[in-house]
Participant: 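Below are the structure tokens for one structure; questions will follow.
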Amino acid sequence: MAPNMPSNPKGLSNDAVLPAAKLQKTDTFSIMAEAKPEHYHSGNKLTILVDMDNTLCDYEESFERTMKATYPEVALVPASKRLNWDITKDYPAEHRAKVKSVNGVKGFFENMKANEGGVDAVKAMAAAGHNVLIVSAPDPDFTAQCSEEKYNWVEAHLGAEWRSRVILTRDKTTVRGDFLIDDKPTCDAGALKPEWAHVVYDQTYNKSKEGAMRLASWSAWKETLGVKADLDCTVTRNPRANMENLYPNGINFSCVFPSFNQESIVKKTLAGLVQQKIKSNFKFEVIIVDNNSTDDIDAIYKKYRTKLDLTLVQRRKLANTFSVPSARNMGIQQAKYDYIIGMDSDVILNENFLENMYQFLSSKPNTVPYMVTAERIFVCTEGCSDDKLLGDYTETERYPRILSKANYFKPRDNRFSHGNILGNIEKGWQPWAYFYGMHTAFPKKIWEKIGGYNEVYDGWWGYDDIHFAWEMTVKGGCLPTVLGGTEVFHQEPYGSQWVPLGGVVDKLGTSNPRLNKKDNPNWQRICDTIDGYAEWKTDYYQKLAGDIVTL
């Protein structure tokens with residue numbers, strides 16, 4: 001699931017003060033950084049999830065041994081006669097309490113033997129370069145003891161370094177991976193549709209499970225998961241091979257963004273789209289997905305529906321209005337054109353944005369997917385009307401340039417001043433880290449190919465866009481590109497006490513979700529997903545702002 005490239009490069013700029021960016025006043029594009037295709041072949045690395053009880057570990061032997069010692073009066077049901085995954089159901093009702101209590105006997109899980117070949121197979125997977133995670137469900141009646149003993153078992157049989165690879169959860173559908181090797185026939189039932197394919201580890205009670213791969217012996221893991229050559233991590237496969245025409249109906253654009261309140265800001269975002277200078281023969285539409293705004297989004301729609309090909313999608317009542325990935329997916333599902341301009345509701349496009357994007361894509365083969373971003377220019381538009389922008393695009397030149405919280409109070413887009421975006425995309429070093437949802441453009445067919453934005457990130461700030469860009473690159477084969485002539489203005493939220501360029505930042509006023517990563521579950525999700533991202537991004541953050549908490 002990861003590309004064949006360095007996993008923990010530095011490649012970051014020093015904390016130098018660079019001048020703020022200027023919008024390129026040009027009616028043509030310039031390629032500032034374009035990925036080399038050989039850097040972005042998808043590797044054969046897999047994420048393999050491995051269950052413990054009766055899969056990696058011999059639960060049956062431990063149960064029989066402990067049962068005999070604790071309740072010798074109870075007749076054992078041989079493993080070969082077991083009919084149910086839940087072992088209590090294989091015993092008469094009068095014995096079930098005793099059977100259930102066996103898991104709580106001290107040392108029960110820690111002293112399980114390893115199933116033949118299991119430890120060697122798991123180590124061989126890791127040695128081949130695969131991402132192997134031990135995923136097990138702790139007994140809910142003995143959670144603390146069971147959890148501790150399972151960690152101890154892993155350390156004793158696989159080594160202390162494997163403790164960090166253990167995931168204990170009652171719902172394995174919430175864990176992402178390519179395969180889950182598990183004896184439980186119903187482990188794919190849970191809160192989510194699992195990303196992984198279930199590989200059933202052979203036991204008598206799961207024989208009726210149909211339609212899944214089956215592993216009868218650990219020695220057959222390579223043959224079961226795929227042909228041997230595809231599991232050799234020294235081999236790479238090109239996800240762009242045999243790619244069809246990405247724009248069968250021509251190059252046209254769907255501009256999609258989620259919205260929640262900030263009525264005056266949204267109006268100027270739409271005004272910027274009205275002001276696009278179009279010379280070529282292409283079409284574009286605009287889709288707003290409203291996350292339960294309490295201001296007058298309907299009035300905005302009525303004002304701009306005659307000026308734009310505009311669609312407003314109003315969502316049902318949300319438990320959490322910070323549901324950005326699902327909103328983006330909903331909007332893209334409605335898109336009628338083949339290339340998506342991913343935006344936020346506070347972004348004003350360069351007036352030549354769409355024309356330059358069209359010229360760029362027209363200059364490239366229609367079978368090569370490009371994912372594009374460019375520089376952000378941070379401005380305050382408070383007190384400025386959208387009508388003025390509708391009358392004259394040069395109104396954007398009068399917007400005050402600011403030090404924005406969204407940019408960690410740096411005078412220039414920090415990806416350019418501190419992140420070495422151009423050099424790292426050229427070299428293939430954590431390129432997805434630079435593609436933010438507010439300004440990422442991509443082919444709709446590749447969005448479909450990877451299954452869209454991962455909606456597990458709903459409800460918390462950030463990193464859904466990085467995960468998306470990672471999958472678009474690694475699974476979808478997109479080539480990351482930084483395109484001059486497609487810069488955007490990022491509008492600061494009203495009432496945010498913005499600081500002008502050259503001003504002094506009051507550090508007591510810098511508290512915001514961006515500074516405290518450790519309490520954000522999305523930070524942990526992205527670090528668990530992308531190899532080397534945690535170390536690389538932590539180093540980036542320390543160069544950016546020493547008060548960012550990541551641990």
Side-chain angles (χ1 to χ4, degrees), residues 171 173-176 188-195 253-270 273 284-338 340-347 386 436-442 444-469 471-472 491 493-494 513 520-522 525-526:
D171 186 354
T173 67
T174 62
V175 184
R176 293 174 69 92
D188 51 0
L192 302 175
K193 181 180 179 181
E195 179 185 279
F253 303 104
S254 293
C255 304
V256 180
F257 61 85
S259 178
F260 179 71
N261 292 339
Q262 296 284 1
E263 178 180 342
S264 296
I265 282 179
V266 176
K267 286 180 182 178
K268 286 185 278 289
T269 295
L270 293 174
L273 286 160
F284 78 96
E285 64 172 338
V286 180
I287 301 171
I288 305 174
V289 181
D290 181 58
N291 278 357
N292 301 169
S293 290
T294 56
D295 57 11
D296 201 352
I297 188 71
D298 290 323
I300 299 174
Y301 172 70
K302 289 175 183 177
K303 178 175 182 177
Y304 280 91
R305 67 182 178 182
T306 58
K307 297 176 173 64
L308 293 165
D309 180 358
L310 181 62
T311 299
L312 172 62
V313 180
Q314 292 182 295
R315 304 185 71 178
R316 295 179 178 179
K317 183 66 176 177
L318 295 167
N320 189 320
T321 56
F322 207 84
S323 298
V324 176
S326 58
R328 295 195 194 280
N329 284 336
M330 186 174 289
I332 297 170
Q333 286 169 355
Q334 304 295 320
K336 60 187 176 185
Y337 296 132
D338 293 327
I340 305 299
I341 308 298
M343 302 170 55
D344 278 352
S345 61
D346 55 8
V347 166
D386 59 311
Y436 301 157
M438 51 76 64
H439 183 10
T440 295
F442 49 88
K444 184 179 180 182
K445 282 193 174 184
I446 308 302
W447 170 86
E448 293 172 342
K449 178 179 179 179
I450 71 165
Y453 283 84
N454 188 338
E455 296 180 11
V456 73
Y457 288 84
D458 266 2
W460 294 87
W461 174 82
Y463 303 107
D464 54 290
D465 44 9
I466 307 304
H467 190 128
F468 175 74
E471 290 200 316
M472 290 289 280
Q491 303 176 73
Y494 290 179
N520 183 347
N522 284 357
R525 287 189 182 101
I526 198 69

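What you see below is based on every heavy atom in this structure, not just the backbone, and it leaves out hydrogens, waters and symmetry mates.
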Participant: Could you state the interatomic distance from CD1 (Ile466) to CG (Asn454), rounded to the nearest 0.5 Å?
Facilitator: 13.5 Å
Participant: For the atom pair SG (Cys255) and CD1 (Ile288), what is the distance rounded to the nearest 0.5 Å?
Facilitator: 11.0 Å
Participant: So, do His467 and Glu471 sit near enough that their side-chain heavy atoms are less than 4.5 Å apart?
Facilitator: yes
Participant: Determine, using ring centers only, whether Phe442 and Phe468 are less than 6.0 Å apart.
Facilitator: yes
Participant: Less than 4.5 Å apart, any side-chain heavy atom of Asp465 and any of Tyr457?
Facilitator: no
Participant: Applying the side chain to side chain contact (heavy atoms under 4.5 Å, CB included) criterion to Arg328, which one of Val256, Ile287, Asp344, Ile340 satisfies it?
Facilitator: Asp344
Participant: side-chain hydrogen bond (donor to acceptor under 3.5 Å, both in side chains) with Asp309: which residues, sequence neighbours excluded?
Facilitator: Lys336
Participant: Which residues pass the salt bridge (charged side-chain N to carboxylate O under 4.0 Å, His left out) test with Asp188, sequence neighbours left out?
Facilitator: Lys209
Participant: Are Met330 and Val313 side-chain neighbours, meaning at least one heavy-atom pair lies under 4.5 Å?
Facilitator: yes
Participant: Please give me the minimum heavy-atom distance between Val266 and Ser259, naming the atom from each residue.
Facilitator: CG2-OG, 3.6 Å
Participant: Quick one: pull up CG in Asp386 and CG in Leu270 and give me the separation to the nearest 0.5 Å.
Facilitator: 8.5 Å
Participant: Nearest 0.5 Å, what's the CD1-NZ distance between Ile297 and Lys267?
Facilitator: 10.0 Å
Participant: In the structure I gave you, are the side-chain heavy atoms of Thr440 and Met472 within less than 4.5 Å of one another anywhere?
Facilitator: no
Participant: Kindly indicate, with the supporting measurements, whether the criterion side chain to side chain donor-acceptor pair (under 3.5 Å) is fulfilled by Thr269 and Gln491.
Facilitator: CA-CA 9 Å; Thr269 295; Gln491 303 176 73; 3.2 Å; yes
Participant: Test of understanding: with side chain to side chain contact (heavy atoms under 4.5 Å, CB included), list the residues that count as partners of Asp338, not counting sequence neighbours.
Facilitator: Tyr247, Pro248, Asn249
Participant: Establish, from distance only, whether the side-chain atoms of Asn520 and Tyr463 form a donor-acceptor pair under 3.5 Å.
Facilitator: no
Participant: Got a sec, which residues hit side chain to side chain contact (heavy atoms under 4.5 Å, CB included) with Ser326, two or more places apart in sequence or on another chain?
Facilitator: Arg315, Ser323, Glu455, Asp458
Participant: Which pairs count as salt bridge (Lys or Arg N to Asp or Glu O under 4.0 Å) when at least one residue sits in residues 289-302, sequence neighbours excluded?
Facilitator: none
Participant: Write down the atom of Val324, the atom of Pro258, and the distance for their closest heavy-atom approach.
Facilitator: CG1-CG, 4.1 Å
Participant: With a 4.5 Å heavy-atom cut-off, do Leu273 and Tyr304 have their side chains touching?
Facilitator: no
Participant: What residues, two or more places apart in sequence or in another chain, satisfy ring-ring contact (aromatic ring centres under 6.0 Å, His included) together with Phe257?
Facilitator: none
Participant: Between atom CG of Leu308 and atom CZ of Phe284, what is the distance when rounded to the nearest 0.5 Å?
Facilitator: 5.5 Å
Participant: At what distance, to the nearest 0.5 angstrom, does OG of Ser254 lie from CE of Met343?
Facilitator: 12.0 Å
Participant: State, with a plain yes or no, whether a side-chain heavy atom of Asn522 is found less than 4.5 Å away from one of Trp461.
Facilitator: no
Participant: Could you pull out the closest heavy-atom pair between Ala327 and Asn291, with the gap in Å?
Facilitator: CB-OD1, 3.7 Å
Participant: Locate the shortest heavy-atom distance separating Ala191 from Thr173; write the atom from each residue and the value.
Facilitator: N-OG1, 3.4 Å
